[in-house]
Amino acid sequence: MSTTTFSSTCFLKGSEVKVSNLKSNNGKWKLHIGGSTALSTKRMQISNSKLEKEIRVALLGASGYTGAEIIRLLANHPYFGITVMTADRNAGKSMDSVFPHFITQKDLPVLVSTNDADFSDVDAVFCCLPHGTTQEIIKGLPKRLKIVDLSADFRLRNVSEYEEWYGQPHRAPDLQEEAVYGLTEILREEIKNAHLVANPGCYPTSIQLPLVPLIKANLIEHKNIIVDAKSGVSGAGRGAKVGNLYTELTEGIMSYGVTRHRHVPEIEQGLSDAAHSKVTISFTPHLMPMSRGMQSTIYVEMASGVTTDNLYQQLKVSYQDEEFVRLLEKGAVPRTHDVRGSNYCYINVFPDRIPGRAIIISVIDNLVKGASGQALQNLNIMMGFPENTGLGYLPLFP
């Protein structure tokens with residue numbers, strides 16, 4: 001007669017269960033839970049189906065990179081479950097036919113067109129549609145929904161400025177007045193009660209996180225801020241474009257949007273808010289032959305009497321309690337490799353060879369902290385959950 005025994009602790013939603021003994025006696029298993037009467041396996045039923053999640057989420061624009069990243073992040077979220085997914089050009093298809101790496105996610109709904117989406121059983125929306133298409137769609141959604149918009153359509157408070165930079169009039173100016181800009185670590189309190197959050201762009205996130213605390217503390221001048229930023233190709237979206245072809249990008253670096261990149265007014269809006277006066281920057285982005293990742297190298301002029309140690313200490317104080325923004329040890333150079341696939345932003349400060357100037361380096365994953373990860377962080381806050389829920393992914397290296 002052979003007997004196998006083990007003890008363990010397991011967790012059910014909202015409670016802990018002590019498994020005191022699990023015995024096999026000639027193949028007949030008996031389970032003792034917390035010292036209670038043993039139950040035979042004939043009286044136990046174990047279901048493989050997922051528990052229904054508390055918050056029902058609609059994902060608009062699921063077939064793009066940011067939409068796919070939302071799905072990846074929500075796969076292990078304990079409270080958010082996707083019940084509606086739209087992709088107009090792929091309506092009727094399963095998600096794994098569009099992105100084969102989702103073949104294991106059998107619970108995902110079939111893609112539908114935006115016009116056919118049913119929001120009656122939805123609590124919140126991630127909107128991952130292209131710029132210029134979002135305003136009218138969000139305007140038509142039920143008012144009870146919590147919405148995080150990943151496009152640029154609600155980021156600029158001045159609708160005239162939106163028209164200037166995006167080439168078309170704003171189609172929901174009344175709704176624009178309700179929108180809250182979602183730079184989480186800076187505007188957390190405003191986000192809590194928001195109905196609509198305008199998720200920041202990737203470049204603005206990587207630039208504002210290090211600069212806003214320094215501007216608020218009057219440690220750097222508001223003039224002569226120069227930003228040299230580099231992004232992986234996924235930042236340009238999934239659409240087929242000649243400029244994104246392998247032979248166009250590999251073994252080279254390409255500057256684009258020189259002097260007129262659409263993220264400029266968004267960055268300047270945030271920095272001007274911090275300064276309480278107009279801030280203008282010199283910003284040049286570059287496309288790199290890598291799939292994801294972003295680095296912003298920022299050159300600043302320090303205020304009179306200020307040193308790089310003062311900048312470092314201010315960033316340390318500003319972000320010492322933040323989970324996702326990390327100031328590295330002095331001298332350590334942030335690398336995009338070290339944040340890949342995660343919601344982290346790594347920052348450090350270096351003295352420039354030019355007296356009175358400093359160099360700040362900031363790195364993020366453009367699809368996570370620069371888009372879908374920050375969007376999830378914001379919706380967690382809006383729905384009253386810990387903001388790190390579903391975001392505990394370590395960076396992927398190598």
For this session: For Tyr79 and Thr389, run side-chain contact (heavy atoms from CB on, under 4.5 Å): C-alpha distance rounded to whole Å, both residues' side-chain angles, the deciding distance at 0.1 Å, then the answer.
Result: CA-CA 9 Å; Tyr79 309 117; Thr389 308; 4.0 Å; yes
Exercise. Taking it one step at a time, do Glu387 and Asn380 satisfy side-chain hydrogen bond (donor to acceptor under 3.5 Å, both in side chains)?
Worked result: CA-CA 5 Å; Glu387 66 184 68; Asn380 280 333; over 6 Å; no
For this session: Would you sort out whether Val148 and Val125 count as a side-chain contact (heavy atoms from CB on, under 4.5 Å), showing the intermediate values?
Result: CA-CA 6 Å; Val148 180; Val125 175; over 6 Å; no
For this session: I would like to know whether Ile215 and Ile220 meet side-chain contact (heavy atoms from CB on, under 4.5 Å); could you show each step before the answer?
Result: CA-CA 6 Å; Ile215 289 176; Ile220 61 174; 3.7 Å; yes
For this session: Apply side-chain contact (heavy atoms from CB on, under 4.5 Å) to Glu268 and Val279, showing your working.
Result: CA-CA 6 Å; Glu268 293 182 346; Val279 175; 5.7 Å; no
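Looking at Val349, Ile359, Val227 one by one, the single match for side-chain contact (heavy atoms from CB on, under 4.5 Å) with Ile298 turns out to be Val227. Among the candidates Ile361, Ile364, Asp338, the single residue satisfying the side-chain contact (heavy atoms from CB on, under 4.5 Å) test with Tyr346 is Asp338. Exactly one residue among Asn343, Thr205, Asn199 makes a side chain to side chain donor-acceptor pair (under 3.5 Å) with Gln374. That residue is Thr205. The residue from Glu190, Glu266, Gln269, Arg155 that alone fulfils the side chain to side chain donor-acceptor pair (under 3.5 Å) condition with Tyr181 is Glu266.
Under the 4.5 Å side-chain heavy-atom criterion for ILVMFWY residues, a single connected hydrophobic cluster contains both Ile381 and Val197. Note: the hydrophobic cluster containing Val57 also contains Leu391 (ILVMFWY, side chain heavy atoms under 4.5 Å, direct or indirect links). Hydrophobic cluster membership is shared by Ile70 and Phe385, with clusters built from Ile, Leu, Val, Met, Phe, Trp and Tyr side chains linked at under 4.5 angstrom. Put simply, Ile347 and Ile281 are part of the same group of oily side chains (I, L, V, M, F, W, Y) that touch within less than 4.5 Å, one to the next. Leu73 and Met382 fall within a single hydrophobic cluster, where Ile, Leu, Val, Met, Phe, Trp and Tyr side chains are chained together by heavy-atom contacts under 4.5 Å.
Residues Lys230 and Asp228 are paired through a salt bridge, judged by an N-O separation under 4.0 Å between the basic side chain and the carboxylate. With respect to Asp365 and Arg340, no salt bridge is recorded, no charged nitrogen being found less than 4.0 Å from a carboxylate O. Looking at Arg72 and Glu69, a side-chain N of the basic residue comes within less than 4.0 Å of a carboxylate O on the acidic one, giving a salt bridge. A salt bridge does not link Arg357 with Glu221: none of the charged nitrogens is closer than 4.0 Å to a carboxylate oxygen. Ionic pairing of Glu164 and Arg262 is not present here: no N-O contact between side-chain nitrogen and carboxylate oxygen is shorter than 4.0 angstrom. Salt bridge Arg157/Asp273: present, at least one basic N to carboxylate O contact under 4.0 Å.
Judged by distance alone, with hydrogens and angles left aside, the side-chain atoms of Ser97 form a donor-acceptor pair with the main-chain N or O of Ser94 at under 3.5 Å. With hydrogens and angles ignored, the 3.5 Å screen pairs no side-chain donor or acceptor of His131 with any backbone N or O of Tyr166. Listed for the Thr308 side chain is no donor-acceptor partner under 3.5 Å among the backbone atoms of Phe350. No donor-acceptor pair closer than 3.5 Å links the side chain of Lys316 to the backbone N or O of Leu327. Proximity of a side-chain donor or acceptor of Ser234 to a complementary backbone N or O of Ser291 within less than 3.5 Å is detected. Of the possible donor and acceptor atoms, one in the side chain of Arg56 sits under 3.5 Å from a partner among the backbone N and O of Asp121. At least one donor-acceptor pair closer than 3.5 Å links the side chain of His170 to the backbone N or O of Asp153. In this structure a side-chain-to-backbone donor-acceptor pair under 3.5 Å is missing from His263 to Gly201. Under a 3.5 Å cut-off, the side chain of Gln295 and the backbone N or O of Arg335 do not form any donor-acceptor pair. For the pair Glu163 (side chain) and Gln168 (backbone), a donor-acceptor distance under 3.5 Å is absent.
With 3.5 Å as the limit, one finds no donor-acceptor pair spanning the side chains of Asn115 and Ser113. A side-chain N or O of Asn224 and one of Glu301 form a donor-acceptor pair less than 3.5 Å apart. A donor-acceptor contact closer than 3.5 angstrom is absent between the side chains of Thr307 and Asp309. In the model, Lys216 has no side-chain atom that pairs as donor or acceptor with a side-chain atom of Gln314 under 3.5 Å.
By the neighbour-count criterion of 12 heavy atoms within 6.0 Å, atom CZ of Arg353 is sparsely surrounded, having that number or fewer from other residues, nucleotides or ligands. Within 6.0 Å of NZ on Lys223 lie no more than 12 heavy atoms contributed by other residues, nucleotides or ligands. Other residues, nucleotides and ligands contribute over 12 non-hydrogen atoms within 6.0 Å of the CZ atom of Arg144. Residue-environment remark: CG (Leu245) exceeds the threshold of 12 foreign heavy atoms within 6.0 Å. Heavy atoms of other residues, nucleotides or ligands lying less than 6.0 angstrom from NE2 of His195 number more than 12.
Heavy atoms only, all atoms of each residue included: Ala375 and Leu150 are closest at CB-CD1, 3.7 Å. Thr134 approaches Ser151 most closely through the heavy-atom pair OG1-OG, 3.3 Å.
Of the inter-residue distances, the one linking Cys127 atom SG with Leu145 atom CG reads 11.5 Å to the nearest 0.5 angstrom. Expressed to the nearest 0.5 Å, how far CG of Asp118 lies from OG1 of Thr83 amounts to 9.0 Å. Taken from NZ in Lys143 to CG in Leu196, the straight-line distance is 10.0 Å, to the nearest 0.5 Å. The distance from the CG atom of Leu271 to the CG atom of Leu214 is 10.5 Å, given to the nearest 0.5 Å. We find the OG1-CE distance between Thr250 and Met290 to be 13.0 Å, quoted to the nearest 0.5 Å. With rounding to the nearest 0.5 Å, the separation of CG in Leu379 from CZ in Phe126 is 4.5 Å.
Qualifying ring-ring contact (aromatic ring centres under 6.0 Å, His included) partners for Phe324, counting only residues two or more places apart in sequence or in other chains: Tyr344. Asn348 pairs by the side-chain hydrogen bond (donor to acceptor under 3.5 Å, both in side chains) definition with nothing, not counting sequence neighbours. Checked against side-chain hydrogen bond (donor to acceptor under 3.5 Å, both in side chains), Tyr393 has the following partners two or more places apart in sequence or in another chain: Asn76.
If you look at Tyr256 and His286, their ring centroids are not closer than 6.0 Å.
No side-chain heavy atom of Met288 sits less than 4.5 Å from a side-chain heavy atom of Val233. Between Met294 and Thr336, every side-chain heavy-atom pair lies at or beyond the 4.5 Å cut-off.
Remark: Lys330 is positioned above the aromatic ring of Tyr312, its terminal NZ or CZ atom under 6.0 angstrom from the ring centre and at most 45 degrees off the axis.
Aromatic ring pairs are classed by plane angle as parallel below 30°, tilted from 30° to 60° and perpendicular above 60°; the pair Phe80 and His77 is parallel.
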